[in-house]
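Each remark here refers to the structure printed beneath this line.
Note that this is a predicted model, so its numbers are computed, not measured. In the text below, chain A, chain B and the rest are named by the order of the sequence lines, each starting its count at 1. No hydrogens, no waters, no symmetry mates; every other heavy atom, side chains included, goes into these values.
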Amino acid sequence: MSGAAGEVTPEVVAEHGLTPAEYDRVLEIMGRAPNLLELGIFSVMWSEHCSYKSSKRWLKELPTEAPWVIHGPGENAGVIDIGDGLAAIFKMESHNHPSFIEPYQGAATGVGGILRDVFTMGARPVANLNALRFGSPDHPRTRHLLRGVVAGIGGYGNCVGVPTVGGEVNFHDSYNGNILVNAMTVGIAPVDRIFTARASGIGNAVVYVGSKTGRDGIHGESMASAEFSEDAEEKRPTVQVGDPFTEKLLIEACLELMATDAIVAIQDMGAAGLTSSSFEMASSGGVGIQLDLDQVPCREDAMTPYEMMLSESQERMLLILAPGRQEKAEAIFRKWELDFAVIGHLTDTGRMVLRFGGETVGDLPIDPLAKASPEYDRPWVATPPPASVSLGEPGVPLETALLRLLACPDLASRRWIWEQYDHTVMGDTVQRPGGDAAVVRIHGSNRGLAIATDCTPRYCRAHPETGGAQAVAEAWRNLNAVGALPRAVTDNMNFGNPERPEVMGQFVGCIQGMKAACLALDFPVVSGNVSLYNETDGRAILPTPAIGAVGVIEDLSRSATVALKRDGDALLLLGEARGHLGQSLYLREILGREAGPPPPVDLQAERRNGDFARRLIAEQGVDTCHDLSDGGLLVALAEMAMAGRRGATVTLPAGPGADALQLAAASFGEDQARYLLAMPAALADRALQDAAAAGVPLQRIGIVGGGKLTVTDAFTISVDALATAHEEWLPGYMAL
Amino acid sequence: MKARVHVTLKPGVLDPQGRAVNHALHSLGFDRVGDVRQGKFFDIELGYDDREAAEAAVKEMCDRLLANPVVESYAIEIQA
Amino acid sequence: MKARVHVTLKPGVLDPQGRAVNHALHSLGFDRVGDVRQGKFFDIELGYDDREAAEAAVKEMCDRLLANPVVESYAIEIQA
Amino acid sequence: MQAGVIVFPGSNCDRDVAVALAQSTGRPAAMIWHGESALPPLDLIVIPGGFSYGDYLRSGAIAAHSPIMREVVARARAGTAVLAICNGFQIAQEAGLLPGALLRNASQRFVCRDVHLLVERSAPPFTSRYNAGTVVRIPVAHHDGNFYADDETLARLEGEGQVVFRYVTAEGARAPDANPNGSLADIAGICDPGGRILGMMPHPERLADAALGGTDGRAMFDAALEHLS
Ligand SMILES: Nc1ncnc2c1ncn2[C@@H]1O[C@H](COP(=O)(O)OP(=O)(O)O)[C@@H](O)[C@H]1O
Ligand SMILES: [Mg+2]
């Protein structure tokens, strides 16, 4: 077999990231030594990214089923039934490393990739979100990375015309050398028009559409030097450049074709491009595939089969067309000025045969390669339980602490970010960024999707199991807080090197916690993504299992926002106030310590309190609600006041004679399963009665009104002063 | 002294703008147009007397700000 | 044949990009930087044998598409 | 009233404006692909927002050369009303329908937020339902909205009452903070001398529905229905 020059030596095998044991497996499957092209294919198919070899064993433990789940993990994205004959299709994906190298393009192509995962299944994308983690604000690269990532997310999402409606941002020095850029897309499709990658129909055409293939992303390390000439570096951009304009055309063209009966199967070309897309399609359909690589639209001269199969050029899709539909399909793609090329057909051989220049240049069995990828049960050690923390004196008055917290990097307003995202395009954004969950109207109806992303990495490091559960619980809470019925989640598991047992222990712990929470809250995982090896010089990032969550609002006129709305409304605290300060932002920002156990997560209480809050909104017309998370009660109250430009007077839920530390704990403790609600007095009376009857902890803590926030026996501060502190930090930081 | 700095995408890096310009020129009937690459340039006034010092400074500006070394390359011309 | 076309904002039109670059260079400590103007350029491959025909064609491309006469001016170089 | 919305490759507010038009007019707008060379009979032509041709080269420059734009220009010259929003405004300028240019925002950043506009001109067919001097709230979402015109053009626009909207504070005051992009004279929207071609950076279609938090934009579509039927 020729056409793929270069000898496969042990060094070349190692450069392709295959272990000697994995290479033995290759030899066994092939029954001979692979050529370089074939080796390249094995290497990408068995990479951590494509094969999930370290994480698979644990991901299997996550609950993935519910009556409303149409497709769980395993497809391009998760699919749930949202009623009225419609499905929500969503997933989150990381682009961490590329974004660190080149923040604008790395983040932009991350958005492009996740959009394709969603529209490849037949959905029109309706919302983008992004969960971002940067290094310490003092780190010299942080500003540059933040600026570039935000511009890249906006540059791509704004151009394709999908609103970017929410997300989260944390700063921590563990991300100094490994930022996290996790992008989520949600789309909507009719339930009876969902497309998968399952190829079928021997003889059916394999069609390539979208942009041309260049030498993008063929990484230096995983590349056999033998094959390339001197100027290899110059020729081979490892950073891919996104073309959102082409993506927009691709969305429209694919959706137009999807409205016909031409498509048998469809798959985006993501990481490992043509290789993984063609393998996945053939493997899931149980068929063989023959590709004629001479037909692949190339952007550059003299591209080799190796380069074509491994290129990560963006904005490309692979389709299997039904017989006789080629002309119709081609006309649509030509209309949208996109490349369209028949590059092969399906066979009954169960093999992938690659032809180039009149010769067979590669011939591999599909199933053994796709399904028999390595799976590791990596050794792990559980994270030792955190020591309890003894707190000294609070040090600063409550008022000062509140102002400092509102202006701290993890809590300061993200307006500077979301104003760079078009969050109102498509004309259905009912709740813009800034609330608990974004709410996007289901087009043409009075129903909505609520969407949020959450994770508190410092909790995950202190106690992975609690942190994993907390991430799911907080996402669930954010959906309830707007009045949505939480339905399902997607996850993005960002961790360090899984070959280190402590890191693997964090992974396992987080999974266990997520599993417990998903089960208790009827909140299955329908899609996800894993990003490992996020570490520099042996120092791993905080374990970061980012959760993206989707819920349904049946009647948008019965939903809630965080803004205080009327003077005279009663303020009600739902959930118990225990004043847990371990791992709190108060402890870190005011007392200067990252220590102690995270707040315990009581899933029964979460469920009970969340169901109660949602019913108040959806059934009794309560329209003001905010869940309590980072910063606790006073931060949440301040956020409600700033959003509504309206003050309030509250009494802290601390016993009489509480000392200064107890008052701080009541103000800023991060106890879970809590919500703060505001409602007219009559509704409040009824809610309190119902709660008492149902054994739900609910108490009146204050009243809305005026332009100031007053904490009885402590302080009074104007809402404007709070807003100034909250709004100034990020623009000020970025202006430097 | 003045410098003109040209910044271009490295060869092989996708240039969607250049491609769009190429298409647009073709649809206007300029059918003898081949490849088009788009770049940017900066005209910078410099308070240096010494040409070499100026060049060194501009090179540093390119490395630190004007060009993105991951995808772009640059060329400097110093004009007296 | 090849053409390089430089497009710049006309003098008198405020150049926000150039100004931002100037600020950024100053904050990086390049304090001998004076005025900065940013422009774009196009490298266009042309299927002409005749230099004048090429130049005329490129001039037309500029007038019709590559530059916006309201705010931009252009300069053409033909390279053999 | 029959409205038509021109759709370019990369337009992305075409559907949004069609929804707002249908809400006011009670009938669907005609969606017209840029490659068409003829227009059906229309009372109003809308050039919508988005990123036609990815905003590559210059925002609006490539779309302005689409086959359909020749027809749009001819109709506009013959008196058909044209509403050009955001990228549509950029296209209209590139096509010579409106004066000036829209440069990169002074901040260099894309900006998406609600802005307040002072209505400088209350007149058919688009702004008759606003009283001159009122302040309306409408979102912007653009990277290139920094209005520029040379002194002479600016003087003419001001002198002839062709400035339709200006960025102001909620209270109606001119202020640097109220101007999201650095536009000259805080200009957010202008019209031709006859007032039938209106270009504006803000998106009235995005606040034309109470469920989205405001209806100030709707009055423009209602006015069009009243005057163009
Ligand atoms: N990267 C981002 N992009 C867009 N919106 C963001 C981003 N980060 C945070 N936000 C928004 O800012 C608000 C506050 O975020 P966060 O404090 O994480 O909320 P919560 O505590 O309710 O989870 C949310 O509405 C969120 O969607
Ligand atoms: Mg929240």
Side-chain angles (χ1 to χ4, degrees), chain A residues 97-106 108-109 112 140-141 144 147-148 151-152 155-156 159 210-218 220 228 231-249 298-303 307 311-316 336-339, chain B residues 3-47 54-78:
Chain A
H97 189 60
S99 302
F100 185 74
I101 304 292
E102 209 310 273
Y104 185 97
Q105 294 297 342
T109 52
R141 275 178 70 79
H144 160 77
R147 180 179 290 118
Y156 207 99
C159 182
S211 291
K212 293 189 198 317
T213 297
R215 294 187 171 95
D216 304 278
I218 304 169
F228 305 113
D231 56 350
E233 262 321 290
E234 277 290 279
K235 262 198 198 156
R236 218 155 274 109
T238 49
V239 170
Q240 307 137 46
V241 170
D243 180 2
F245 170 59
T246 295
E247 180 102 336
K248 167 70 175 165
L249 303 185
C298 286
R299 199 169 81 219
E300 288 175 72
D301 296 337
M303 287 191 58
E307 291 170 327
S311 163
E312 296 192 342
S313 293
Q314 303 288 300
E315 292 97 19
R316 304 178 299 160
W336 289 100
E337 299 175 25
L338 294 164
D339 270 296
Chain B
R4 172 165 281 193
V5 177
H6 284 95
V7 177
T8 26
L9 288 172
K10 288 184 180 168
V13 175
L14 177 71
D15 175 13
Q17 305 222 49
R19 219 187 51 163
V21 172
N22 170 296
H23 281 185
L25 288 173
H26 274 265
S27 60
L28 286 176
F30 295 103
D31 40 22
R32 292 209 235 170
V33 165
D35 198 38
V36 179
R37 303 280 288 177
Q38 182 172 336
K40 57 189 167 190
F41 72 95
F42 303 90
D43 282 336
I44 307 174
E45 281 178 11
L46 293 166
E55 182 146 6
V58 175
K59 185 165 180 328
E60 201 190 327
M61 294 176 205
C62 289
D63 290 332
R64 292 182 61 192
L65 182 77
L66 301 179
N68 177 347
V70 188
V71 282
E72 294 173 330
S73 52
Y74 60 83
I76 300 171
E77 290 161 50
I78 304 283

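Contacts of A:T246 with chain B are made by side-chain atoms alone, with heavy-atom separations under 4.5 Å and no backbone atom involved.
Atom CZ of B:R19 sits about 9.0 Å away from atom CZ of A:R299, to the nearest 0.5 Å. Considering CD of A:E102 and CD of B:E72, their distance stands at 8.0 Å, rounded to 0.5 Å.
Heavy-atom minimum distance, B:L14 versus A:V241: CD2-O, 3.6 Å. Listed here is the closest heavy atom pair of B:P16 and A:G242: CG-O, 4.1 Å.
Residues A:Q105 and B:N68 form no side-chain contact, since every pair of their non-hydrogen atoms from C-beta on lies 4.5 Å or further apart.
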